[in-house]
Amino acid sequence: MENNLSDLLQKSIPLDQLDLIHRVADTASELGFPIYVVGGFVRDLLLGHPSLDFDLVVEGNAITLARALAQKYGGSVTAHEKFITAKWFLDDKHSFIDLISARSEIYKHPAALPTVKMGRISDDLHRRDFTINTLAIRLDGDHFAELRDELGGMEDLQHHLVRVLHPRSFIDDPTRMFRAIRYEQRYRFKIAKETLTLIFEARELMKELSPQRIRHELDLILDEPNADSMLSRLDNLGLLKPIYPSLRWDKASQTRFESATDFPLGFSSSGLSNIRDLRWLLWLMTLSNKEIASLNKRLHFTAPLLKSLLASSELHSDVPAFSKLKPSQCVERFDQFPLQAIYAVLRAAPRGKLKQALEKYLMEWRHIKPRTTGNDLKKLGIEPGPKYQTILRTLRAAWLDGEVKNASEEKNLLKKILD
Ligand code: ATP
Ligand code: MG
């Protein structure tokens, strides 16, 4: 095993990173601190998709280690005294290594944040969420590539099981319910039977979590490629309802999530929305403005996302109105909405007047402006004021509605307006 692991490590980590890890390990060794790479990195390495997200845990003081590294190799250190963690920044300032002191945690109240104190590596592994995250590989000296598997992590990894370490796990930290589903759906694993029972028993504790913590977990889910199966699983296990009663995942939400089709050739969506916000919008646009406002009390959306959510819900619910509007009237409404809301509703809307209007707006209409500018009006001797807005808007509307097709027609219209 050790030989295999050593090979696997050498093969999976880029040379420069490997060199860095050896430096860290040697320095830890000199200080008499055993050091391990733990958690997600080990899990993903053994699953065959190595990441570069090293969680380095020292049995000893991580700040002392970071300072020793900086003294030996240069760079700088930022320390977090309360959690006894440190970042060692290399000279180039861009790369850094995170160092964590092995710690134990005590949960004073359900769903509250834990009290932390320094501990042994074993304590550190016992405070973790699932067995598949408790695997550690030792890195210092002769111990290089020794696997530490105290809690049956390897067996669960091989059997594709997500399993908590003890029955109080979700009571201590209900966010682990989200995490269980994230790992289960990301790797197409199964949540172990007893663990699933514990989730059922802990469901209502979702209500105790702060808005920030719930939103953060949902953000992480929405960033995942399999976000839809995660949301579906959350709903099936009854975990969405305790967050907010009308928070659901249904067939229609699924369809909206998959609505990547029907785009005109050459249409680029980049910059219109990030994938996380786009998914929030596609998920929630069917809620009413009132529901979004109450949901916001539970989730504390960012201000731009809240604005877009309200806009997309308004647009989505107003489909019939658009069949009667002229292009200029559509534009007047759309101009008030964030582009990412327009883009999300465009993706989700069924074929029809609204979809056409949104598409035209994104591709053409929003760029259409009259040739005449404020400067031109000034040259014509018109007193600057709110009148300018009105005149320019009228000219733009004429272009949009096809009443003006070239510069001379615009000039004629301007003359008419001024008369
Ligand atoms: P990901 O690939 O999603 O980043 P990860 O395993 O690296 O997975 P992180 O959220 O980066 O997960 O956390 C790092 C490690 O810290 C985890 O492997 C896990 O052992 C531990 N951990 C994180 N959150 C919790 C929690 N809520 N309760 C217990 N342990 C946790
Ligand atoms: Mg991670």
Side-chain angles (χ1 to χ4, degrees), residues 222 227-228 231-232 246-296 301-370 392-405:
L222 291 172
D228 50 353
L231 292 170
S232 163
S246 52
L247 201 59
R248 299 306 304 267
W249 182 261
D250 54 21
K251 236 180 144 174
S253 1
Q254 181 70 40
T255 311
R256 287 196 302 282
F257 249 52
E258 289 163 359
S259 62
T261 51
D262 280 0
F263 279 135
L265 228 56
F267 179 81
S268 157
S269 63
S270 58
L272 288 185
S273 191
N274 59 51
I275 188 78
R276 179 194 285 180
D277 279 3
L278 177 63
R279 285 170 161 176
W280 273 115
L281 296 172
L282 290 171
W283 182 18
L284 299 179
M285 66 170 66
T286 49
L287 298 181
S288 69
N289 266 356
K290 211 170 134 196
E291 282 173 314
I292 289 170
S294 1
L295 184 57
N296 184 47
F301 295 117
T302 62
L305 178 58
L306 178 61
K307 196 170 172 214
S308 290
L309 279 168
L310 294 168
S312 60
S313 134
E314 196 178 324
L315 273 173
H316 184 83
S317 65
D318 211 10
V319 176
F322 287 91
S323 50
K324 299 177 211 96
L325 295 185
K326 290 200 284 189
S328 62
Q329 292 169 315
C330 287
V331 168
E332 205 161 306
R333 288 207 52 196
F334 295 163
D335 274 347
Q336 293 159 28
F337 293 134
L339 276 182
Q340 64 172 0
I342 306 254
Y343 176 60
V345 179
L346 165 62
R347 285 184 52 149
R351 248 176 263 234
K353 284 275 185 194
L354 175 64
K355 197 182 186 81
Q356 271 172 23
L358 291 165
E359 194 174 292
K360 279 267 192 197
Y361 177 78
L362 277 181
M363 304 272 291
E364 293 175 30
W365 293 346
R366 71 192 165 105
H367 303 298
I368 291 181
K369 294 207 171 72
L392 294 176
R393 202 180 308 137
T394 311
L395 294 177
R396 185 182 185 212
W399 278 97
L400 285 165
D401 296 336
E403 290 154 11
V404 153
K405 290 185 200 66

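In this text, all values refer to a predicted model and were calculated from it rather than measured experimentally. Keep in mind that the numbers below use all heavy atoms, side chains included, and drop hydrogens, waters and symmetry copies.
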Q.
If the test is side chain to side chain contact (heavy atoms under 4.5 Å, CB included), which one of R256, Q254, R279 qualifies with D228?
A. Q254
Q: Find the distance between CG (L281) and CG (L222) and round it off to the nearest 0.5 Å.
A: 10.0 Å
Q. What pair of heavy atoms forms the shortest contact from Q329 to K324, and how long is it?
A. OE1-O, 4.4 Å
Q) Once you round to the nearest 0.5 Å, how far does CG of L315 lie from CG of L358? A) 6.0 Å
Q: Would you check if K326 and E403 make a side-chain contact, meaning some heavy-atom pair closer than 4.5 Å?
A: yes
Q) Should R396 and D335 count as an ion pair when the cut-off is N to O under 4.0 Å? A) yes
(Q) Do E332 and R393 have side chains that approach each other closer than 4.5 Å (heavy atoms only, starting at C-beta)? (A) yes
Q: Report yes if the side chains of L354 and D318 come closer than 4.5 Å at any heavy-atom pair, otherwise no.
A: no
Q: Applying ring-ring contact (aromatic ring centres under 6.0 Å, His included) between F257 and each of W283, W280, W249, report the one that passes.
A: W249
Q. Which pair of heavy atoms, one from I292 and one from L306, lies closest together, and at what distance?
A. CG2-CD1, 3.9 Å
Q.
Using every non-hydrogen atom in the two residues, find where L325 and C330 come nearest and quote the distance to one decimal.
A. CB-SG, 3.8 Å
**Q.** Distance, nearest 0.5 Å, that separates CG of D250 from OG1 of T255
**A.** 8.5 Å
Q) What distance do S232 atom OG and R248 atom CZ have between them, rounded to the nearest 0.5 Å? A) 10.5 Å
Q: For the residue pair L295 and L247, establish whether any side-chain heavy-atom pair is separated by less than 4.5 Å.
A: yes
(Q) Within this structure, what is the CG-OG distance for the pair N289 and S313, rounded to the nearest 0.5 Å? (A) 4.0 Å
Q: Return the minimal non-hydrogen interatomic distance between L400 and S328, and the atom names on each side.
A: CD1-CA, 3.9 Å
Q: State which residue, out of D277, L284, L310, fulfils the side chain to side chain contact (heavy atoms under 4.5 Å, CB included) condition with F301.
A: L284
Q: Verify, without hydrogens or angle tests, whether S312 (side chain) and V345 (backbone) share a donor-acceptor contact under 3.5 angstrom.
A: no
Q | 4.5 Å side-chain heavy-atom contact, L339 and R366 | A | yes
Q: Assess whether side chain to side chain contact (heavy atoms under 4.5 Å, CB included) is satisfied between L362 and I342, documenting all intermediate values.
A: CA-CA 8 Å; L362 277 181; I342 306 254; 3.9 Å; yes
Q. Mind checking whether L278 and Q340 have side chains closer than 4.5 Å, heavy atoms only?
A. no
Q: Can you see which heavy atom on F337 is nearest to which on A311, and at what distance?
A: CD2-CB, 3.3 Å
Q: Please examine the side chains of L346 and K355, heavy atoms only from C-beta on, and report whether any two atoms are closer than 4.5 Å.
A: yes
Q | Pairwise side-chain contact, P327 with W365, heavy-atom cut-off 4.5 Å (strictly under) | A | yes
